[in-house]
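Below you'll find the structure, written out as structure tokens, and then a few comments.
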Amino acid sequence: MPALLRRFLGVVFVLLGVMLLIFIMLRIIPGDPVSVLLNEHVNPATVEKMTESLGLNKPLPEQFFSYLLGALKGDLGKSYYMRKPVTALIMEAFPYTLLLTVLSAAFAWAFGIGTGIISAIYNNRLPDYIFRGLSLFGISVPVFIVALSLQYFIYFKLSLLPLTYNGSLQSMILPAIALGWNSAGSVARLTRSSLMGELEAPYIDTARAKGLTTRQAIVRHGLRNAMLPVITMMALQLSSMLSGAVITESIFSISGMGKLALTAVQTRDMPLLQGTVLFMAFVISMGNILADVINTILDPRLRV
Amino acid sequence: MQTLISARNIKKSFRIGRKKRFLAVNDVSLDIFKGETLALVGESGSGKSTLAKLLMRLIKADEGSIAFEGQEIEELSEKEMLPFRREMQLVFQDPASSLDPRMNVRDIIAEPLETWKVYDSREKTDERIMELLDMVELKEDSLKRYPRQFSGGQRQRISIARAIAVNPKLLVCDESVSALDVCVQAQILNLLKKLKQEMDLTCLFISHDLSVVSFIADRVCVMKDGEICETAPGEKLFKSPEHEYTRYLLSSIPGQ
Amino acid sequence: MSSSSPSNKETVMRKVPLFSRMPILPPSVTVPASIILLIILLALLVPIVSPYDALRQNLTERLSAPGTAHILGTDALGRDCFTRIFYGTRISLFVALIPTAFAVLIGMAAGIAAAFFGKAADALVTWLSDVTLAFPGMLLAMVIMYSFGGSFSSIVISIVIMEWGSIARIVRSVTLSILENEYILAARSIGVKRFNIIIRHIIPNLIPTLIVLFTLNIPASILSESSLSFLGIGIQPPEVSLGLMVNESRTLLFNKPHLVLGPAGMIMLLVLSFNFLGDALRDRFDQEV
Amino acid sequence: MSEDLLLELRDLSVSIVGKKETLPIVKGIDLHIPRGSIVGLVGESGCGKSMTAKSINNILPPFARVTGGSIIWRTEASGEVDLALLKEKEMRKKCGTEIAMVFQEPMTSLNPLMQVGEQIKEVLTIHGVERDNKKAKDRVIEMLSKVGIAEPALRYNAWPHELSGGMRQRVMIAMAMICQPKLLIADEPTTALDVTIEAQILSLIKELCRNNSMSALVITHNMGVVSTLCDYVYVMYLGSVVESAPVKELFNNPCHPYTRGLLSSIPHVGDNPEFLHTIPGNVPDMKKHFKGCDFCLRCSDDIKQCFFEKPALTETGAGHFVRCHRSLGA
């Protein structure tokens with residue numbers, strides 16, 4: 001599979017680029033990181049000692065390579081604020097985000113593909129207009145508005161589900177729907193347009209001339225071809241989902257990666273922020289490779 | 001007979017996949033004489049289209065030399081190649097994609113004239129465009145209209161008008177009538193023949209259709225898998241073909 | 001541009017017929033377009049016309065219900081909601097339109113360079129866009145907020161960095177399909193210089209895609225800005241933005257829902273109409289080809 | 001006479017049904033396909049020949065519909081049936097088993113994500129002709145060899161993009177023939193192929209028709225294909241039949257000015273006239289409605305009557321019909 005090997009190398013380069021970008025951006029801040037941390041009225045001597053101990057006085061390239069080597073060994077440095085290794089903090093928080101993302105992805109993709117197929121089959125009839133309106137509405141509502149309205153109606157008015165996450169799976173349903181709402185909309189829209197495109201493909205005429213009804217032709221032939229672009233899009237959606245996770249976690253108080261990153265910004269904790277962002281970028285890149293693998297399996301034309 | 005273009009030992013291969021290289025043109029030598037219509041005929045994948053693009057230096061050959069009116073053009077840089085571009089013009093196969101959909105007919109035909117600043121004033125350029133429209137039998141009112149408002153045959157006429165706008169020495173037709181219906185094809189073939197005589201052009205005609213070639217070509221080169229297997233004047237080739245592949249091609253024409 | 005003679009430059013510039021014959025537009029385009037224009041008009045006029053100042057606090061009239069005095073009532077600090085919504089819309093639109101324009105311009109340049117100028121440019125642009133796309137948008141914005149603080153410019157920069165990547169990728173693939181057309185080979189065989197091919201053939205054929213991209217990326221920017229402001233790391237008080245208004249009245253969600261409904265409704269209306277407009281324009285242009 | 005007719009189109013019309021207006025594409029066609037004979041339907045692009053073919057097994061695009069006339073299908077099994085009235089379910093039962101079709105673009109007519117053999121086997125399983133998987137596979141492999149594909153067992157598992165254009169067209173023919181249909185509709189079967197492959201595919205179709213006493217309707221714009229393959233031919237122009245005759249008769253004695261113009265504007269290897277005869281002007285737009293004969297504007301020997309009165313299809317010889325006022329000696 002040389003094609004996949006090349007793709008993997010490409011991802012390694014991208015991750016290097018990501019690391020470089022964060023590293024530079026976090027170090028060109030106007031003030032000196034340490035003095036900001038220990039706030040202004042501390043005497044310069046302690047600031048000097050602190051910078052020394054954190055190795056921030058070494059030239060930038062040297063800092064970068066020591067950080068790179070550390071990252072490869074899984075050590076993302078120590079959080080200034082929480083005095084604990086960043087990797088440990090991430091390992092604590094990641095399972096929650098993973099659960100949230102998996103649940104919201106399941107909801108989004110099942111709902112999205114389902115409505116997409118139905119609105120493609122009943123093209124330009126009632127179900128099509130309803131679902132097209134719904135999916136357009138889906139991609140037009142920000143995650144935090146969906147979350148707040150779910151809380152207002154489901155919790156406050158109907159009190160069916162808990163307000164925030166309390167460890168139980170049941171309390172993860174609302175956050176999952178809130179986070180999955182946007183991607184459900186975009187998956188539905190792409191599934192519909194991709195399937196409509198496939199319906200005009202000549203091999204559908206061949207299937208009907210063979211004796212398949214239009215519906216059979218769609219399911220047995222059109223669907224698989226239409227799913228190829230949808231799978232690629234699902235992988236690309238991983239990054240927007242993790243963005244949404246930051247908001248969903250802060251509204252439903254789920255102590256996941258998003259909340260961790262948010263506290264890192266609020267407490268000006270550079271290594272923690274750097275670690276969480278790098279880890280999330282790594283997860284997204286793995287998602288992209290997974291999509292490529294699935295596409296290569298599904299589409300024989302990609303097998304070199 | 002003066003030679004317009006002489007090509008010697010042209011080789012060209014394309015890379016497909018990781019290691020495999022596809023030899024499109026394999027050691028071809030060819031002369032095109034002034035004033036004649038030479039046809040390159042062969043099936044898809046025989047390299048006839050690639051050879052034409054090589055002769056026009058739109059793609060560079062791996063090996064071999066090409067001389068235009070005695071001057072070597074194979075090694076020239078893009079800049080040095082420009083004056084020769086003016087002498088060689090191309091008419092394409094697909095009427096739908098050979099005209100820019102965002103430009104009206106006037107701008108399409110004017111592009112070569114304005115690129116080479118043939119006329120210094122817009123009025124003279126418009127005059128020439130009217131003349132060209134007349135030569136390709138198109139009505140004056142088509143100037144302001146866009147390509148999608150024309151039929152396949154009319155679009156080929158616009159393509160031809162653009163190609164002959166700067167009085168080239170060589171007109172290359174790459175399957176220019178293959179996408180057209182029989183009646184329209186006949187009109188365009190007649191037009192090409194008429195223009196060639198009026199403007200004393202040399203024409204390189206690429207096609208897979210032997211009957212079209214037998215009508216329009218003085219000399220015919222039959223190509224197979226990147227090599228020329230037979231070159232002969234039209235009547236001789238169709239009456240008594242020597243190469244076995246040419247005979248096989250002729251016998252396959254339906255309805256002979 | 002090389003020092004080409006005036007006549008050539010003049011002909012090149014005039015030769016690009018952008019909207020020379022834009023036919024009458026179907027309702028699916030005019031309806032959302034007029035909603036957007038109406039909102040923009042109100043956003044400009046209401047803060048001037050309205051008797052109340054969007055920022056001045058007036059604690060005596062804290063949390064008064066919607067009524068004749070205050071059409072949509074007042075918020076926790078006694079500020080008139082109706083005025084604030086349109087004042088906030090102005091900021092939100094400003095913060096959405098500017099970065100989208102930059103993102104489309106950068107994306108276009110990068111996309112054309114990647115498709116037109118050979119393997120090296122292609123690899124560089126693809127790498128750069130992959131790097132920016134590997135970040136979840138929100139986290140990238142956080143890194144920028146961390147460095148530059150929550151000012152206008154930092155939001156604009158983070159939205160541009162978030163969006164240019166996908167635009168560049170789309171422009172690259174559309175440009176590649178344009179380059180496959182024979183009229184590009186025709187231009188080359190006529191002897192048109194590379195730069196002129198971009199100006200005369202590639203950009204005019206890219207315009208429909210660019211318009212659709214611009215229209216569809218504005219709602220994405222509005223969503224990003226409002227999410228950032230909602231998290232408190234976007235527009236900082238005392239400034240006003242729709243996302244910030246939702247955040248400020250979030251604690252009163254259950255007893256004063258209308259405080260949240262106002263800004264949230266405006267965000268949705270804006271995003272919905274831009275998405276609707278984008279879809280309609282795309283169908284319109286597909287029809288035309 | 002009509003007993004031994006397998007298929008009879010009676011005044012068939014197909015039009016594109018838009019929201020506001022309907023555009024007639026096929027304007028009342030009468031066409032007869034006797035058992036075991038190969039009938040040609042020839043005309044330039046846009047004359048409605050493909051729509052006529054696709055209305056028979058109802059694979060018209062969604063915006064087009066049969067708006068008049070009937071498609072009479074006669075078989076021993078189901079007697080006389082009007083296919084135009086059949087519901088989707090009954091129609092599909094007949095497709096693949098009684099009526100089969102081969103398309104123009106072998107590149108895109110096969111599902112790229114499914115192996116070639118599987119796509120052929122699907123015809124057997126869908127119609128329940130062969131339930132057992134193993135036997136079905138053997139029948140497919142046998143059919144692949146019958147259409148001239150080397151190493152059929154190996155090719156069974158090939159993906160469409162691995163095969164050449166000619167090979168793929170053979171697969172399409174195998175798919176069509178697997179259930180021994182009564183009628184094979186071939187829509188421009190060799191237009192996208194090279195001339196040497198075209199010759200092989202044409203002889204394959206002819207041989208299959210003769211061996212299985214199967215009828216065929218061949219849609220083409222190439223008169224050479226008509227003369228090689230067909231017994232009887234219909235010439236179409238702007239949605240209606242202008243002339244129909246046995247192939248020999250049509251080539252030797254074309255009566256309609258359009259047919260004559262069509263035949264004489266085809267270049268032939270060997271004789272090279274100074275200029276080709278051409279029909280002036282080009283095909284008018286479908287939307288244009290002619291009071292008189294559709295061809296009157298481009299006809300060289302037209303008379304006053306041609307502009308005001310639509311000529312009817314009249315018989316001028318054994319099975320030779322012409323739609324032209326001049327042919328009646330007017």
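Lettering of chains follows the sequences in order, A, B, ..., and the numbering in each one begins at 1.
Using non-hydrogen atoms only and a strict 4.5 Å limit, the part of residues 39-62 of chain B facing chain C consists of B:Lys53, B:Met56, B:Leu58.
Contacts of B:Met81 with chain C are absent, with no heavy-atom separation under 4.5 Å from either backbone or side chain. Interface residue B:Gln89: only side-chain heavy atoms are found under 4.5 Å from chain C.
When C:Val192, C:Ile178, C:Asn205, C:Ile184 are compared by the number of non-hydrogen pairs under 4.5 Å with chain B, C:Asn205 comes out ahead. For the set B:Arg162, B:Arg86, B:Arg85, the entry with the most heavy-atom pairs within less than 4.5 Å of chain C is B:Arg85.
With C:Ile112 as the partner, the side-chain contact (heavy atoms from CB on, under 4.5 Å) test is satisfied by one option alone out of C:Val125, C:Leu206, C:Leu179, C:Val174: C:Leu206.
With hydrogens and angles left out, the side-chain atoms of C:Glu163 and C:Ser221 include a donor and acceptor closer than 3.5 Å. Checked by atom type, the side-chain pair C:Thr126/C:Asp130 shows no donor-acceptor distance below 3.5 Å. For the residue pair B:Ser151 / B:Gln154, a side-chain donor-acceptor distance below 3.5 Å is found, with atom types taken as modelled. Between B:Arg21 and B:Ser13, the side chains place a donor N or O and an acceptor N or O closer than 3.5 Å (distance only, hydrogens not considered).
Across all non-hydrogen atoms, the minimal contact from C:Ala168 to C:Ala110 is CB-CB, 4.0 Å.
Under the side-chain hydrogen bond (donor to acceptor under 3.5 Å, both in side chains) criterion, B:Lys11 pairs with no residue, sequence neighbours left out.
A donor-acceptor pair is defined here as one N or O able to donate and one able to accept, closer than 3.5 Å; such a pair exists between the side chain of B:Arg157 and the backbone of B:Val136.
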